[in-house]
Protein chains: 2
Amino acid sequence: MSTAEETTGGEVEPWEQVTPDAARRLLVAAVEAFAERGYHATTTRDIAGRAGMSPAALYIHYKTKEELLHRISRLGHDKALDILRTAARREGTATERLSDAVSSFVRWHAGRRTTARVVQYELDALGPAARAEIVALRRQVDAEVRGIIDDGVAAGEFRVPDVQGTTLAVLSLCIDVARWFNVDGPRTPEEVGTLYAGLVLRMVGAEPAAPAQR
Amino acid sequence: MSTAEETTGGEVEPWEQVTPDAARRLLVAAVEAFAERGYHATTTRDIAGRAGMSPAALYIHYKTKEELLHRISRLGHDKALDILRTAARREGTATERLSDAVSSFVRWHAGRRTTARVVQYELDALGPAARAEIVALRRQVDAEVRGIIDDGVAAGEFRVPDVQGTTLAVLSLCIDVARWFNVDGPRTPEEVGTLYAGLVLRMVGAEPAAPAQR
DNA sequence: GCCGAAGGTGAGCGCTCGCTTAGAGCGGCC
DNA sequence: GGCCGCTCTAAGCGAGCGCTCACCTTCGGC
């Protein structure tokens, strides 16, 4: 059904599009390091070390440390937007599409928490040009969710007094999963996705009977 | 440049308990700098400069840069916990208390966004001992909210299948306000607080009729 | 008028940062 | 074989970091 084959246990590393191999290893190492300690607290020596290379090797594949963050942020936002678009543009009622969108978006933020953390919380470390590019992607993310809610209101499925505010809250709720989700905690990404889909349907005043689609 | 006499929503600067005066000025400067650029990207020279002092003056009042963050985090969590406790322990129905708790908690995260940002997002920069102390405070925050929801379920006001998961989601929603709230944006802290209180009541399945308290 | 404590400064130490440079290793093509 | 181009390393540069030190100023108590 959904082309985005998210199967958060045993998931394929999503960086296969990054070549050559050394560049990908560096990028994966940077994602881990940025997620653990934050962009500013991560040294280029640490990144290169995690990738099994000398500090200088980083600069063969990336001009600066910031370019690494930019690439990660860009790829991550592309992926997040793709997940939401897939859910938003399937056929089905607005209730089904919103449930699908939230549960898959949350699954990604929980299951690929390291990536999501970097993507969502290190935006301010980018320079003005790169940040503007990412902010434009975020506006598209917002538009997808708002579109589903608009549809639901128009169809009489949802009762939402403030569509823009509710959109903001729904996205905020999903994104913050990347901050608190603990891989060793009691919940799987699947469970959090299901829980959150139910909570969001309540937030928009939808009928609580939503079949566990996906 | 900007005087520290911000009174966002009639609220008094909450640092009056910090003495002497120079120590308070340094602390306020550190809050601003940490919120703007993050702990690791902030230099001690920047903090001292904002407070109108030489770099060495910082070390008369604080042993290290980390102690500054620790003090800010401690005071901020104390304040957040105090806000929630006040709402949780007033008299009234669970619906009224939850509405009050969410709206006041959100008002604080929006109105005192700089402080909230540091408090909520720079936890990882603390050492193990200081972090453990703050984590204990967060557990108390969680317990206050869970207590209200428990009461509402017991009283038949709420329908909540997963109390712990819903508590987590409610707190997550409120906390993330500090990430996205924009002082120059279209919403006041009051408005966001009211919006969020309504959304949270829907999340717990409460009757939507909630009087707009205070 | 003198003293000690408290609060401040200018200079700078030792270190680590992001990044650069000179050159080595090596596979592919003529 | 000779050479090129790509990948990578060892060494290290200039800058800026957190923090310290020797010294100065102010001020209440006697």
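The structure presented is a predicted model; accordingly, all values stated were derived computationally and were not measured. Within every chain, numbering begins at 1; the chains are lettered A, B, ... in the order of the sequence lines, protein sequences first and strands thereafter.
Using a 3.5 Å distance cut-off with no hydrogens or angles, the side chains of Gln120(B) and Arg179(B) do not pair a donor with an acceptor. Counted by atom type alone, Glu133(B) and His70(B) present one or more donor-acceptor pairs between their side chains at under 3.5 Å.
One atom, OH of Tyr62(B), and another, P of dT20(D), lie 16 Å apart when rounded to the nearest Å.
Contacts between residues 40-61 of chain A and DNA chain D, defined by a heavy-atom separation below 4.0 Å, involve Arg45(A), Met53(A), Ser54(A), Ala56(A), Ala57(A), Ile60(A), His61(A), listed by number.
The shortest heavy-atom contact between Ala169(A) and Met203(A) is CB-CE, 4.0 Å.
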Between the protein and nucleotides 23-28 of chain D, list every N/O to N/O distance that falls short of 3.5 Å.
none

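Phe158(A) is linked by a ring pair (Phe, Tyr, Trp, His ring centres under 6.0 Å) to nothing, counting only residues two or more places apart in sequence or in another chain. With sequence neighbours excluded, no residue forms a ring pair (Phe, Tyr, Trp, His ring centres under 6.0 Å) with Phe181(B). Not counting sequence neighbours, the partners of Ala23(B) by the side chain to side chain contact (heavy atoms under 4.5 Å, CB included) test are Val18(B), Pro20(B), His61(B), Tyr62(B). Evaluation of the side chain to side chain contact (heavy atoms under 4.5 Å, CB included) rule for Asn182(B) yields Asp184(B) as partners, not counting sequence neighbours. Under the ring pair (Phe, Tyr, Trp, His ring centres under 6.0 Å) criterion, Tyr196(A) pairs with no residue at all, not counting sequence neighbours. Residues forming a side chain to side chain contact (heavy atoms under 4.5 Å, CB included) with Ala87(A) (at least two apart in sequence, or on another chain): Asp100(A), Ala101(A), Ser104(A). Partners of Asp151(A) under the side chain to side chain contact (heavy atoms under 4.5 Å, CB included) rule, at least two apart in sequence or in another chain, are Ala94(A), Arg97(A).
A 4.0 Å heavy-atom criterion places the boundary nucleotides of DNA chain C facing chain A at dC17(C) to dT21(C), written 5' to 3'.
Sorted by first and then second residue, the salt bridge (Lys or Arg N to Asp or Glu O under 4.0 Å) pairs with a member in residues 56-70 of chain A read Glu67(A)-Arg71(A); sequence neighbours excluded.
Base pairing in DNA chain D gives the following stems of 3 or more Watson-Crick or G-U pairs, range against range and under 3.5 Å: C:1-30 with D:1-30.
Ring-plane geometry between His109(B) and Phe105(B) is classed as perpendicular, the angle between the planes exceeding 60 degrees on a 0 to 90 degree scale with a lower cut at 30.
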